[in-house]
Amino acid sequence: MTKDLQIQTTINFVKEQLEGAEGGHDWFHIERVYKNSKLIAKTEDVNLFVVELGALLHDIADSKFHDGDETVGPKVASKFLKTIDVDEETIQHVIKIIENISYKGGNFKATFSSPELNVVQDADRLDAIGAIGIARTFNYGGYKNRALYNPEIAPNLNMTKAAYKASNAPTINHFYEKLLLLKDKMNTETGKHIATQRHDFMIAFLDQFYAEWNGEK
Ligand code: ADP
Ligand code: NI
């Protein structure tokens with residue numbers, strides 16, 4: 001099988017797997033991350049095949065939707081990649097990307113790094129901020145039946161990985177607990193550049209939100 005066909009087969013597989021997924025973690029999220037990964041990769045020295053497969057498979061079985069089990073995604077991806085004869089070295093790298101891409105609270109220290117992970121992680125983080133990031137966050141909050149905002153519940157900036165994953169806080173808190181922190185965590189120059197503009201848009205959104213909340217606008 002050519003690499004082009006392996007990519008196309010992976011696209012079809014991911015579309016199938018994510019049918020019925022929550023709106024912020026559906027095929028279109030993957031497509032945006034895939035496109036942004038390719039854009040960022042243009043100015044990085046990376047193995048593009050690994051980047052593309054990593055982007056396509058990074059949320060194939062998100063632990064949030066599998067009772068917290070972080071081993072399902074890597075297993076599903078590796079089993080699939082074997083069926084389309086991807087070489088073992090590439091499979092291992094893609095699995096590392098899936099295992100390490102996710103944000104696990106501010107205090108979590110990663111153990112694996114690679115330029116390919118850096119690219120896919122930046123693309124995934126870009127999709128968490130800006131206008132799309134805002135839309136995804138409120139969609140996820142609705143999916144979890146969370147309050148939009150509650151002035152009496154302050155954001156928690158010092159969560160462990162377990163606390164971050166178990167958090168039931170109002171959706172606005174997620175901006176302070178994660179989204180506004182992402183700009184300074186970008187790995188690549190292209191990523192940082194795009195993140196700055198998206199970050200400013202979220203700040204403007206929050207200003208307007210509080211003004212409307214308080215009857216000032
Ligand atoms: P990551 O894998 O980087 O941690 P997630 O899959 O947890 O990313 O989150 C992706 C997006 O889902 C977030 O950027 C946000 O839009 C939404 N989301 C995840 N957790 C929450 C939450 N606790 N409250 C609101 N939105 C959330
Ligand atoms: Ni993602």
Side-chain angles (χ1 to χ4, degrees), residues 1-104 108-128 132 136 161 165 182 185-192 194-195:
M1 220 191 268
T2 61
K3 284 200 165 109
D4 275 358
L5 192 53
Q6 284 170 320
I7 293 292
Q8 195 47 55
T9 310
T10 305
I11 289 174
N12 295 339
F13 173 73
V14 173
K15 278 186 185 167
E16 244 168 62
Q17 289 285 310
L18 292 180
E19 218 152 287
E22 177 265 325
H25 291 83
D26 59 2
W27 160 252
F28 294 112
H29 163 62
I30 306 303
E31 190 177 49
R32 291 188 301 268
V33 172
Y34 177 58
K35 284 182 181 161
N36 267 333
S37 293
K38 289 202 285 186
L39 177 80
I40 296 168
K42 280 188 185 162
T43 45
E44 302 295 313
D45 186 12
V46 287
N47 177 330
L48 192 61
F49 189 52
V50 169
V51 166
E52 291 186 43
L53 290 178
L56 289 171
L57 292 164
H58 84 275
D59 272 335
I60 194 68
D62 192 318
S63 63
K64 277 198 291 314
F65 307 114
H66 288 84
D67 290 328
D69 190 342
E70 292 178 4
T71 67
V72 186
K75 273 189 219 149
V76 172
S78 120
K79 191 168 159 221
F80 166 73
L81 291 172
K82 283 192 173 79
T83 68
I84 58 166
D85 291 329
V86 170
D87 65 277
E88 194 54 35
E89 200 186 327
T90 299
I91 295 181
Q92 288 312 318
H93 196 161
V94 170
I95 286 174
K96 286 285 174 205
I97 291 177
I98 299 172
E99 285 173 344
N100 289 281
I101 190 170
S102 184
Y103 188 79
K104 299 180 174 78
F108 189 80
K109 291 271 172 291
T111 52
F112 172 85
S113 76
S114 77
E116 289 78 7
L117 168 62
N118 285 346
V119 168
V120 183
Q121 190 171 54
D122 273 12
D124 194 31
R125 286 175 171 171
L126 285 177
D127 210 51
I132 301 255
R136 290 180 73 213
K161 177 179 160 187
K165 293 205 159 192
L182 291 178
K185 292 184 184 289
M186 302 303 287
N187 306 303
T188 66
E189 285 311 309
T190 308
K192 278 179 201 160
I194 304 174

*asked:* Asn118 vs Glu44, test: side-chain hydrogen bond (donor to acceptor under 3.5 Å, both in side chains). Steps then yes/no.
replied: CA-CA 10 Å; Asn118 285 346; Glu44 302 295 313; over 6 Å; no
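- Pairing each heavy atom of Met186 with each of Ala195, the nearest pair is CG-CB, 3.7 Å.
- Counting heavy atoms from C-beta outward, Phe80 and Ile91 have side chains that stay 4.5 Å or more apart.
- When all heavy atoms are compared, the tightest approach of Ile101 to Gln121 is O-NE2, 3.2 Å.
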*Show your reasoning for whether side chain to side chain contact (heavy atoms under 4.5 Å, CB included) applies to Phe13 and Val76.*
CA-CA 11 Å; Phe13 173 73; Val76 172; 3.9 Å; yes
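- In this structure, a donor-acceptor pair under 3.5 Å is absent between the side chains of Thr9 and Asn12.
- Residues Asp69 and Ser63 bring no donor and acceptor atom of their side chains to less than 3.5 Å of each other.
- No side-chain heavy atom of Val94 sits under 4.5 Å from any side-chain heavy atom of His58.
- With Asn100 contributing its side chain and Lys96 its backbone, the two residues share a donor-acceptor pair below 3.5 Å.
- Taking each heavy atom of His25 and Ala21 in turn, the nearest pair found is O-CB, 3.5 Å.
- A heavy-atom distance below 4.5 Å is found between the side chains of Lys82 and Glu88.
- For Ala55 against Val120, the heavy-atom pair with the smallest separation is CA-CG1, 3.7 Å.
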*Lys165 vs Glu70, salt bridge (charged side-chain N to carboxylate O under 4.0 Å, His left out): CA-CA, chis, key distance, verdict*: CA-CA 12 Å; Lys165 293 205 159 192; Glu70 292 178 4; 3.0 Å; yes
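- The closest side-chain heavy-atom distance from Thr43 to Glu189 is not below 4.5 Å.
- Between Ile11 and Gln8, the closest side-chain pair of non-hydrogen atoms falls below 4.5 Å.
- A search for side-chain contact (heavy atoms from CB on, under 4.5 Å) contacts involving Asp127 returns His29, Arg32, Val33, Ile132, Arg136, not counting sequence neighbours.
- Summarising the geometry of Leu126 relative to Gly191, their closest heavy-atom pair is CD2-O, 3.8 Å, with the distance given to 0.1 Å.
- When all heavy atoms of Leu57 and Ile98 are compared, the closest pair comes out as O-CD1, 3.6 Å.
- At a threshold of 4.5 Å between non-hydrogen side-chain atoms, the residues Thr10 and Val86 do not count as touching.
- Counting heavy atoms from C-beta outward, Leu18 and Val14 have side chains that approach closer than 4.5 Å.
- Under the side-chain hydrogen bond (donor to acceptor under 3.5 Å, both in side chains) criterion, Ser78 pairs with no residue, sequence neighbours left out.
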